[in-house]
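Since the structure comes first, as structure tokens, the remarks are kept for the end.
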There are 2 protein chains.
Amino acid sequence: MSTVLPPRIRTYTPWLSRCERRLADIVGEGRPIVSEPARETLVAGGKRLRPLLVYCCAGPTESGEAGVTSAAAAVELVHMATLVHDDVLDDADLRRGQPTVLNRHGRERAIVTGDHLFALAFGELAAAGSTDAVSVLAQASLDLSQGEIAQAARTRDLNLGVDDYLDRVRLKTAALFTAACRLGSQLGASTRASALLSEFGHLIGVAFQIFDDILDVTGTADATGKARGADLRDGTVTLPMILAMRDDPSVTEPIARAMRGEGLEETCDLLSGHSGTGAAREEALRLVGRARQIATSGDLGAADGAALAEIADGVVDRYA
Amino acid sequence: MSTVLPPRIRTYTPWLSRCERRLADIVGEGRPIVSEPARETLVAGGKRLRPLLVYCCAGPTESGEAGVTSAAAAVELVHMATLVHDDVLDDADLRRGQPTVLNRHGRERAIVTGDHLFALAFGELAAAGSTDAVSVLAQASLDLSQGEIAQAARTRDLNLGVDDYLDRVRLKTAALFTAACRLGSQLGASTRASALLSEFGHLIGVAFQIFDDILDVTGTADATGKARGADLRDGTVTLPMILAMRDDPSVTEPIARAMRGEGLEETCDLLSGHSGTGAAREEALRLVGRARQIATSGDLGAADGAALAEIADGVVDRYA
């Protein structure tokens, strides 16, 4: 998302600020030994795309309700928890250009900080008083953990198919986007539109991950806050790789080599200009197009379709 | 707890079996890659002391309600999640005489399995329909993470005081006993007795941990399912050590040496027969005595005081 917010999203700035203050209050609770790394994770930033989805699906009128802010904060807390644990799993030093909790405080505190953020998320939703909301977030958390482990299980597996990839992305990334949309529609006045909004969340979640995977081979550390080729280095097989290998078996060998730590930059360059990466981008754009159709369908009840269309565009813009 | 259950607790066997079946159903959900290590953690056993507390605090009439079994299962799931993550933090190979998830499946799957068990716990409680219950469990989870990290922060710190120790034990162990009692009293008909039952949970939780810490120096692997001296090896300073060093500064040096991996068995032997360990046992017995007073006070509403008294006795018996 560009630094200048599109006009409709901009009207949500007061609610995003409210969410940010609530997040600061929540992570400030407890003893410094856990609140400090939790706070560092919060101030390291992030796009707050998931809270924005909660607000836009709740709609402009309902966004002022405290329960919507609690849901927005809870979704972001689960996201933060996942990032902290993912960095432990991936042995990652940097995230958004900042040292990770793992890097700064060690494995032990990172595992516990993630657990702490999970518990804060559920406590916040429970305090807001909706067991339906807790169920939605718990289901998303189950999906996240299954997605993470599904990814780990297929590390360096160059036979990973498109369907396997999409299944993993649904669990690992899209589930929390879907949950954000569902929570917003539950808490707002769009219950009837809940299925459509969930579908919207799913589509932009998958598109978001595909773009992220493309950026990992094409982007620079300046743009992404992390070193290029992280997926290759970690042995995570992504859609650009799968489609490139399908179109052109000769790229299999450089990918396998890069996963052994040899010729990482060259393989990134090779994939950057490859038709497989182009095809992955086409697929992501197709998903965004379907999401945009939902956003502009006029069937979304109280949800803010115009803002959701801007979010869909923003997912593309970030990678333009 | 001995293998022959005391008479009053025995009447809860049908509910404990129901909880066990519910746990098996819950951990069986999801893909084998996460359900398999979760199931292994379940079948590795455990005393199910926390579910039993939920039932006994709910009382004999209310224990048949599905919500009580959900709460009992959820508390045990959080306990299991904590064990799986603790074993990662402690690099533990064995738990209850069985290989840990860490040992069997590696660090990655162990972290994700713990996250998965946490999410299952909150999903189960939310499905049972009480946000108050979710709040209680979330707060206990926060306490658990703070206790775990408080312990890690004072590793090998031989200046740890009795109050520091008790504070850590309250968070790390007693919080979940307290939560079990609170959940039982909330879901049963003993809301008015909730404060007393929480205090009961706290007292036997702290006593349980003190006895556990004593057993770590006096016990055998046969009795405990893990090697003796684990606390010394991990640098976890416990009440027997604190009281022994306070009575007799000459034990400080052997303890420090054992924490560097030298003379572990000799230090265990030294502490086993030491007056400090005797004083720790006295303290635990004092706490159990107070818990017993609460159990037999007649002020517990629908809660089953007679069964709770047997639980208090059982905490002692295990270490007799």
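Heavy atoms closer than 4.5 Å to chain B are found in the backbone of S130(A), but not in its side chain. If you measure heavy-atom distances from V136(A) to chain B, you find no contacts under 4.5 Å at all. Neither the backbone nor the side chain of L137(B) comes within contact range of chain A, judged by heavy atoms closer than 4.5 Å. If you measure heavy-atom distances from F122(A) to chain B, the contacts under 4.5 Å come from both the backbone and the side chain. Of the atoms belonging to H85(A), it is side-chain heavy atoms, and not backbone ones, that fall under 4.5 Å from chain B. With a threshold of 4.5 angstrom between heavy atoms, Q139(A) does not approach chain B through any atom at all.
The shortest heavy-atom contact between L89(A) and V112(B) is CD1-CG2, 3.8 Å. Across all non-hydrogen atoms, the minimal contact from A138(B) to A119(A) is CB-O, 3.7 Å.
Note on E124(A), R31(A), E29(A): by heavy-atom pairs under 4.5 Å with chain B, the leading option is R31(A).
In this structure, OG in S145(A) is found 9.0 Å from CG in L117(B), a value given to the nearest 0.5 Å. For the atom pair NE2 of H116(B) and CG of D143(A), the computed distance is 9.5 Å after rounding to the nearest 0.5 Å. The distance from atom CD of Q151(A) to atom CD1 of I33(B), rounded to the nearest 0.5 Å, is 11.5 Å.
For the pair L125(A) and V134(B), the minimum side-chain heavy-atom distance is 4.5 Å or more. Side-chain contact check for D115(B) versus D115(A): some heavy-atom pair is nearer than 4.5 Å. Using a 4.5 Å heavy-atom cutoff, the side chains of R109(A) and I149(B) are in contact.
At distances below 3.5 Å, not a single donor-acceptor pair connects side-chain atoms of Q146(A) with backbone N or O atoms of V34(B).
Within residues 66-77 of chain B, no residue has a heavy atom under 4.5 Å from a heavy atom of chain A. Proximity to chain A at a heavy-atom threshold of 4.5 Å picks out D167(B), R170(B), L171(B) from residues 161-175 of chain B, in numerical order.
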